[in-house]
Amino acid sequence: MGDSPLIDIRNATIWRGKTRVFDGLNLTIDRHERVAILGPNGSGKTTLLKTINRELYPVQREGSWVRILGRERWNVWDLRRHIGIVSPDLQQRYRPSTTALEVVLSGFLSSIGVHGILRSRIDEEQIAAAHEILEQLGIADLSATALRSMSTGQQRRCLLGRALVHRPDTLILDEPTSGLDFAASFDYLARVRALARQGCNIIMVTHHLNEIPPEVERVVVLDEGKIAADGSKTSVLTSDLLSRVYRARVAVAEIDGYFLAYPGEQNSSKT
């Protein structure tokens, strides 16, 4: 893999079902970058995430590719050693009876749970590692608790533990605080910030500015399948640009390294 970028997308045309979402997309994200991918619903965020996750592939043609760490083809199990993914969609795919420990252990198998024959593929070393991660995330006491008996915030921490079992260099977080109340959101983002300070790369897919922690330096804004802006937070998260992309009057404020959006006149802005 050498010094290849984490993500290298060149002149890619990507379809999702019968819809062509991207046509000629170019995007490079280097290793050790922390990036937020922002945009309104329908802008292409989910398609981009599925492409990075190798659920979708670009149209094959000369001079066009999607490479992850220098490779166009990956075994998903191998890829999880480098990139961990946490998403509300993944959370919904688990049985309500699945326990916290089983959720974390399923990360070793890139599976949804460890039911049936999958249990035989888990060893004692992996069980010990899963318990350690639950301890680190503050939910060790929930190891035998079913998802249905947890809060949404606790469930999300279980999914974070699943992504961390391989100690990946990069975490991709899809709308990380979706469905969480203030307290759970703040707790979750604090854990993400701690991981970033420990050297973990973060790619965050969101449409909420307040989800973007100060440690994320770069913002890519999508709009109708195109990159509307790509740069530092201060250069991208402006009233004019966000108002244009979201087709609404958006004002922006910066507080302690966080950016907040609120209704306002198109040209009003606070920093």
Side-chain angles (χ1 to χ4, degrees), residues 34 36-37 45-46 48-50 52-55 76-77 79-115 118-119 121-122 126-196 198 200-208 211-213 216:
R34 297 174 186 135
I37 298 170
K45 299 191 306 297
T46 299
L48 179 58
L49 180 64
K50 288 181 177 294
I52 295 170
N53 195 28
R54 318 317 283 138
E55 295 179 50
V76 173
W77 192 83
L79 185 59
R80 291 297 164 266
R81 296 179 182 275
H82 302 280
I83 299 176
I85 294 181
V86 184
S87 72
D89 176 64
L90 182 62
Q91 187 171 332
Q92 295 300 318
R93 293 166 63 188
Y94 277 82
R95 297 179 187 176
S97 59
T98 306
T99 66
L101 180 62
E102 289 170 336
V103 171
V104 176
L105 286 172
S106 68
F108 287 112
L109 306 174
S110 295
S111 62
I112 303 299
V114 289
H115 309 285
L118 290 176
R119 287 181 179 274
R121 297 172 58 186
I122 296 294
Q126 291 170 327
I127 292 172
H131 278 295
E132 181 180 347
I133 287 173
L134 289 170
E135 180 73 35
Q136 291 172 358
L137 295 176
I139 49 175
D141 58 330
L142 298 177
S143 63
T145 301
L147 288 173
R148 63 169 169 255
S149 300
M150 299 181 201
S151 68
T152 303
Q154 291 168 336
Q155 293 174 3
R156 198 68 50 79
R157 274 191 268 172
C158 290
L159 268 292
L160 180 58
R162 178 189 189 272
L164 292 174
V165 292
H166 290 298
R167 304 194 181 282
D169 297 323
T170 299
L171 275 179
I172 296 179
L173 306 172
D174 182 18
E175 299 190 11
T177 65
S178 173
L180 305 186
D181 62 23
F182 279 142
S185 295
F186 295 163
D187 176 86
Y188 193 83
L189 290 176
R191 296 177 190 280
V192 171
R193 294 189 68 184
L195 289 166
Q198 292 165 18
C200 188
N201 313 324
I202 303 293
I203 298 177
M204 180 175 288
V205 181
T206 182
H207 56 259
H208 297 299
E211 286 190 333
I212 305 173
V216 171

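Residue pairs meeting the ring-ring contact (aromatic ring centres under 6.0 Å, His included) criterion with at least one member in residues 127-150: none, sequence neighbours excluded. Residue pairs meeting the salt bridge (Lys or Arg N to Asp or Glu O under 4.0 Å) criterion with at least one member in residues 168-183: none, sequence neighbours excluded. Every pair passing ring-ring contact (aromatic ring centres under 6.0 Å, His included) that includes a residue from residues 156-177 is listed here, sequence neighbours excluded: W77-H166, F108-H166. Sorted by first and then second residue, the salt bridge (Lys or Arg N to Asp or Glu O under 4.0 Å) pairs with a member in residues 92-115 read E102-R119; sequence neighbours excluded.
Shown here are the side-chain contact (heavy atoms from CB on, under 4.5 Å) partners of Q92, two or more places apart in sequence or in another chain: there are none. Applying the side-chain hydrogen bond (donor to acceptor under 3.5 Å, both in side chains) criterion to Y94, with sequence neighbours excluded, gives S106, R162. Every residue two or more places apart in sequence or in another chain that forms a side-chain contact (heavy atoms from CB on, under 4.5 Å) with T152 is listed here: Q91, R156, L180. Not counting sequence neighbours, A190 has no partner by the side-chain contact (heavy atoms from CB on, under 4.5 Å) test. Considering only residues two or more places apart in sequence or on other chains, R191 meets the side-chain hydrogen bond (donor to acceptor under 3.5 Å, both in side chains) condition with D187. For the side-chain hydrogen bond (donor to acceptor under 3.5 Å, both in side chains) test, residues two or more places apart in sequence or in another chain that qualify with T206 are E211. Taking K50 as the reference, E55 meet the side-chain hydrogen bond (donor to acceptor under 3.5 Å, both in side chains) condition, with sequence neighbours excluded.
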Show me, pair by pair, the donor-acceptor contacts under 3.5 angstrom made by side chains of residues 132-149, not counting sequence neighbours?
{"residue": "E132", "atom": "OE2", "partner": "Q136", "partner atom": "NE2", "Å": "3.4"}

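Between P88 and S178, the shortest heavy-atom contact is CG-CB, 4.1 Å. The shortest heavy-atom contact between I172 and I83 is CD1-CG2, 3.6 Å. Annotation for V86 and L160: closest pair CG2-CA, 3.8 Å, computed over non-hydrogen atoms. Closest of all the heavy-atom pairs between A163 and L171 is CB-CD2, 3.7 Å. In terms of heavy atoms, T177 sits closest to S185 at CB-OG, 3.6 Å. Of all the heavy atoms in V104 and A130, the pair that sits closest is CG1-CB, 3.7 Å.
Here the side chains of M204 and P213 are in contact, with some heavy-atom distance below 4.5 Å.
Remark: N53 CG to S87 OG distance equals 8.0 Å, nearest 0.5 Å. Rounding to the nearest 0.5 Å gives a distance of 5.5 Å between CG of L49 and CD1 of I85. Atom OG1 of T170 is separated from atom CD1 of I52 by 10.0 Å, given to the nearest 0.5 angstrom.
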Candidate pair L48 and V205, rule side chain to side chain contact (heavy atoms under 4.5 Å, CB included), full reasoning: CA-CA 9 Å; L48 179 58; V205 181; over 6 Å; no
